[in-house]
> 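Structure provided below as structure tokens; questions to follow.
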Amino acid sequence: MKKIYTILCMGLAMIMCSCEPDADQDFDDQTFKGTVSVDYEGATFDNNDIIVEVEEASEGLLDITIHSIKFVPKMPVTIDVTFPNVPYTKSKDNITFFIDTVVPTMGPKPVEKYTSKSLAGLITSKGGISFTVQIADYPTRYIGTRIDD
């Protein structure tokens, strides 16, 4: 499983390096519905029909919010988690984003315990999104499709 995760991260990094930046970095806020998969205790835990909102925090930076998520079976409640101020690049057809380390927030409160590594993703002009992130010790992936607000 770690090999697949590594290959996926390398593929996203190559895509991000091959994008030519567009002079216009304007971003339209987007909402997606999809599946969050978390590697937990030797198994993969899938969360279906999860809403992710991607909003421009400021020029060149995105806030990515995962709504109503229960990352692992032992979590007693669902939560909203935001990865703030993630740098992005817009090319002709896609938007790529990457941040090496990010402290997620729950509401306005940073959650240092779940400091995340290597958040990397792609939003396609055809309405798809995919990203990977290491949340504390848990490799996590999201694949979704844009929905109308």
Side-chain angles (χ1 to χ4, degrees), residues 1-19 25 27-58 60-91 93-107 109-149:
M1 192 63 170
K2 287 184 181 183
K3 287 182 183 181
I4 293 171
Y5 178 71
T6 302
I7 291 169
L8 182 59
C9 287
M10 289 175 20
L12 286 172
M14 288 187 339
I15 289 170
M16 288 187 299
C17 292
S18 67
C19 292
Q25 287 284 43
F27 178 84
D28 294 323
D29 296 349
Q30 299 178 42
T31 303
F32 301 88
K33 185 176 186 179
T35 300
V36 173
S37 301
V38 181
D39 294 344
Y40 176 73
E41 293 185 350
T44 299
F45 181 63
D46 289 334
N47 297 270
N48 297 313
D49 300 323
I50 299 297
I51 301 296
V52 168
E53 287 184 312
V54 182
E55 302 173 319
E56 188 168 49
S58 61
L61 299 174
L62 301 174
D63 285 347
I64 301 168
T65 302
I66 303 173
H67 289 281
S68 300
I69 183 72
K70 186 176 175 179
F71 284 101
V72 296
K74 292 181 180 180
M75 281 184 68
V77 296
T78 61
I79 58 173
D80 292 347
V81 175
T82 300
F83 298 101
N85 299 315
V86 178
Y88 77 93
T89 302
K90 186 175 181 181
S91 70
D93 295 318
N94 300 311
I95 295 166
T96 56
F97 51 92
F98 176 79
I99 191 165
D100 186 50
T101 302
V102 61
V103 176
T105 61
M106 288 177 38
K109 182 182 175 188
V111 187
E112 299 275 341
K113 177 180 177 181
Y114 293 108
T115 296
S116 300
K117 304 278 187 198
S118 302
L119 171 59
L122 173 71
I123 300 171
T124 69
S125 60
K126 298 189 186 310
I129 185 174
S130 62
F131 63 84
T132 60
V133 61
Q134 178 85 15
I135 302 174
D137 294 330
Y138 309 105
T140 304
R141 297 162 301 288
Y142 180 78
I143 297 176
T145 304
R146 188 172 31 246
I147 58 174
D148 295 326
D149 292 331

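Side chains are part of it too, since the values below use all heavy atoms of this structure and drop only hydrogens, waters and symmetry mates.
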> So, for Val133 and Ser116, which heavy atoms are closest and what is the spacing to 0.1 Å?
CG2-CB, 3.6 Å

> I'd like to check Val38 versus Thr140 (side-chain heavy atoms, cut-off strictly below 4.5 Å). Are they in contact?
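Val38 vs Thr140: side chains touch.
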
> Sequence neighbours excluded, which residues qualify as side chain to side chain contact (heavy atoms under 4.5 Å, CB included) partners of Thr124?
Asn94, Leu122, Lys126

> Specify the closest pair of heavy atoms between Tyr88 and Glu56, including all atoms of both residues, with the distance to one decimal.
OH-OE2, 2.6 Å

> Look at the side chain of Ser125 and the backbone N and O of Asp93, then say whether any donor-acceptor pair between them is shorter than 3.5 Å.
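Judged by distance alone, yes, a pair lies under 3.5 Å.
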
> Minimum heavy-atom separation for Ala120 to Phe98, with atom names?
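Scanning both residues completely, I find the closest heavy atoms to be CB-CD1, 3.7 Å.
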
> With side chains defined as the heavy atoms from C-beta onward, is the minimum distance between Phe83 and Ile66 less than 4.5 Å?
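Heavy-atom side-chain distance check passes, below 4.5 Å.
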
> Quickly, which of Val52, Ile147, Ile123 forms a side chain to side chain contact (heavy atoms under 4.5 Å, CB included) with Gln30? Name it, please.
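Exactly one option meets the side chain to side chain contact (heavy atoms under 4.5 Å, CB included) with Gln30, and it is Ile123.
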
> Is any side-chain heavy atom of Phe97 less than 4.5 Å from a side-chain heavy atom of Ile64?
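Yes; the side chains approach each other to less than 4.5 Å.
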
> Would you say the side chain of Pro84 lies within less than 4.5 Å of the side chain of Val102, judging by non-hydrogen atoms?
yes

> What residues form a side-chain hydrogen bond (donor to acceptor under 3.5 Å, both in side chains) with Thr82, not counting sequence neighbours?
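Here the qualifying residues are Thr65.
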
> Between Ala136 and Tyr114, which heavy-atom pair has the shortest distance, and what is it?
CB-CD2, 3.9 Å

> Output every pair passing salt bridge (charged side-chain N to carboxylate O under 4.0 Å, His left out) with a member in residues 72-84, not counting sequence neighbours, ordered by first then second residue.
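For residues 72-84: Glu41-Lys74.
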
> Rounded to the nearest 0.5 Å, how far apart are OG of Ser37 and CG of Asp46?
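Going from the OG atom of Ser37 to the CG atom of Asp46 covers 3.5 Å.
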
> Calculate, to the nearest 0.5 Å, the distance between atoms CZ and OG1 belonging to Arg141 and Thr35 respectively.
11.0 Å

> Ring-plane angle category for Tyr138 and Tyr40, please: parallel below 30°, perpendicular beyond 60°, tilted otherwise.
tilted

> Just to verify, what does Thr101 make a side chain to side chain contact (heavy atoms under 4.5 Å, CB included) with, not counting sequence neighbours?
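Thr115, Lys117.
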
> Please enumerate all residues that pass side chain to side chain contact (heavy atoms under 4.5 Å, CB included) together with Phe45, with sequence neighbours excluded.
Asn47, Pro73

> Do Asp49 and Lys33 have side chains that get closer than 4.5 Å, going by heavy atoms?
yes

> Do the side chain of Thr105 and the main chain of Val103 share a donor and acceptor less than 3.5 angstrom apart?
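No.
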
> Taking side chain to side chain contact (heavy atoms under 4.5 Å, CB included) as the test, write out the residues that go with Ile79, two or more places apart.
Ile69, Phe71, Met75, Val77, Val81, Met106

> Just verifying a value: how many Å separate Ile135 CD1 and Asp39 CG, rounded to the nearest 0.5 Å?
11.0 Å

> Give a yes or no on whether the backbone of Asn85 and the side-chain of Asp63 come within a donor-acceptor separation of less than 3.5 Å.
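Checking the backbone N and O of Asn85 against the side chain of Asp63, a donor-acceptor pair under 3.5 Å is found.
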
> Side chain of Tyr142, backbone of Ile129: donor and acceptor closer than 3.5 Å?
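Not a single qualifying donor-acceptor pair exists.
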
